[in-house]
Number of protein chains: 2
Amino acid sequence: VPPQGVHHIGIAVADLDEAVETYRKLFQAEVDHETTIADQGIRAAALQVGGETLVELVAATEADTPVGRFLAKRGPGMHHIAIEVADIRAELTRLAAAGVNLIDTEPRTGLFGLQVAFIHPESSHGVLYELVQLPDDDRGTHG
Amino acid sequence: VPPQGVHHIGIAVADLDEAVETYRKLFQAEVDHETTIADQGIRAAALQVGGETLVELVAATEADTPVGRFLAKRGPGMHHIAIEVADIRAELTRLAAAGVNLIDTEPRTGLFGLQVAFIHPESSHGVLYELVQLPDDDRGTHG
């Protein structure tokens, strides 16, 4: 089965509230949902920009976190692309068999209740891809 | 009017054919259209990954071009996000009045017959955004 499309684009930002305000001004973006995950040191907001693909803004609440280190090293900017799949375990098995370098060989729970797994950018020409599978009760509402 | 969503994500790649092959393997991606623009020194392929947002792979055929310089400086990776709007001139007028730093104050013809204009990343937290308006005969077929 081919994927269901681009679920979201992940963008690292220094200040979440300021960035949300900017996206309102630029794209009349609406906050779809917002969350803070204290133990991962992140605050995130998923924004609607008129189509099915969301823009996910992620800020670090602590410097010593993956997003905090990304921001320190590269500054704010595009971080990853999330591709929605129907069956993330089946996709991970298929990709592993094809020799793709997976950061997560098993799905884990990501933001907003998604099941997620990352592909190593060395297998995708320098782009960090995330596979996402929607929670069962959100199926069919997107993509 | 709010935008019509994310039209495509632009990604700079070193070798277009190799990258298309990788995207076939990773995401069962299909080439929607492909083009070479000799005088801009680029080759590009727009890929379908199952949803309405396309992945646009762009390679440089000459080193001394915007994409060639991007690749030399930063390596392959995410380059820009294109937001589809119904009336690009109206959007540019609105954004300019809001004090947004525009790279293109007038739309110009981009890849695949799109009317395009770029927003300066300093106005969008480090992300290069492109506004796109579809050619008249493609309206309603997307987004």
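The chains referred to below are lettered A, B, ... by the order of the sequence lines, with proteins before strands, and numbering in each begins at 1. Hydrogens, waters and symmetry mates are skipped; everything else that's a heavy atom, side chains included, is used.
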Should A:I11 and B:I81 be marked as a side chain to side chain contact (heavy atoms under 4.5 Å, CB included) after you check the CA-CA gap, both sets of side-chain angles, and the distance that decides it? CA-CA 11 Å; A:I11 295 172; B:I81 300 173; 3.8 Å; yes
Please classify the contact between [X] and chain B as side chain, backbone, both or neither, with a heavy-atom cut-off of under 4.5 Å.
| X | result |
| --- | --- |
| A:S124 | both |
| A:L131 | side chain |
| A:L26 | both |
| A:E91 | side chain |

Common cluster, [X]/[Y], ILVMFWY with side-chain heavy-atom separation under 4.5 Å:
| X | Y | answer |
| --- | --- | --- |
| B:I37 | B:F112 | yes |
| B:F118 | B:V58 | no |
| A:V31 | A:L16 | yes |
| B:F70 | B:I9 | no |

Closest contact, heavy atoms only, A:P3 versus B:F27: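 It is CD-O, 3.1 Å.
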Has A:E52 got a side-chain atom pairing as donor or acceptor with B:G51's backbone, closer than 3.5 angstrom?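 Judged by distance alone, no pair lies under 3.5 Å.
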Might you work through the side chain to side chain contact (heavy atoms under 4.5 Å, CB included) test for A:V6 and B:V6, ending with a clear yes or no? CA-CA 9 Å; A:V6 180; B:V6 180; over 6 Å; no
Aromatic rings B:Y23 and A:H125: how do their planes relate, parallel, tilted or perpendicular, breaks at 30° and 60°?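 Aromatic pair B:Y23/A:H125 classed parallel.
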When heavy-atom pairs shorter than 4.5 Å are enumerated against chain A, which of B:G77, B:A12, B:A14 gives the highest number?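 Of B:G77, B:A12, B:A14, B:G77 has the most heavy-atom pairs under 4.5 Å with chain A.
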Max heavy-atom pair count under 4.5 Å with chain B, selected residue of A:G75, A:P121, A:P76, A:A29: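 Looking at each option in turn, the highest pair count goes to A:P76.
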Are there more than 12 heavy atoms of other residues, nucleotides or ligands under 6.0 Å from atom CZ of A:R74?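 No, the 6.0 Å shell around CZ holds no more than 12 heavy atoms from other groups.
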Going from CG on B:L128 to CE on A:M78, what distance comes out if it is rounded to the nearest 0.5 angstrom?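 These two atoms lie 6.5 Å from each other.
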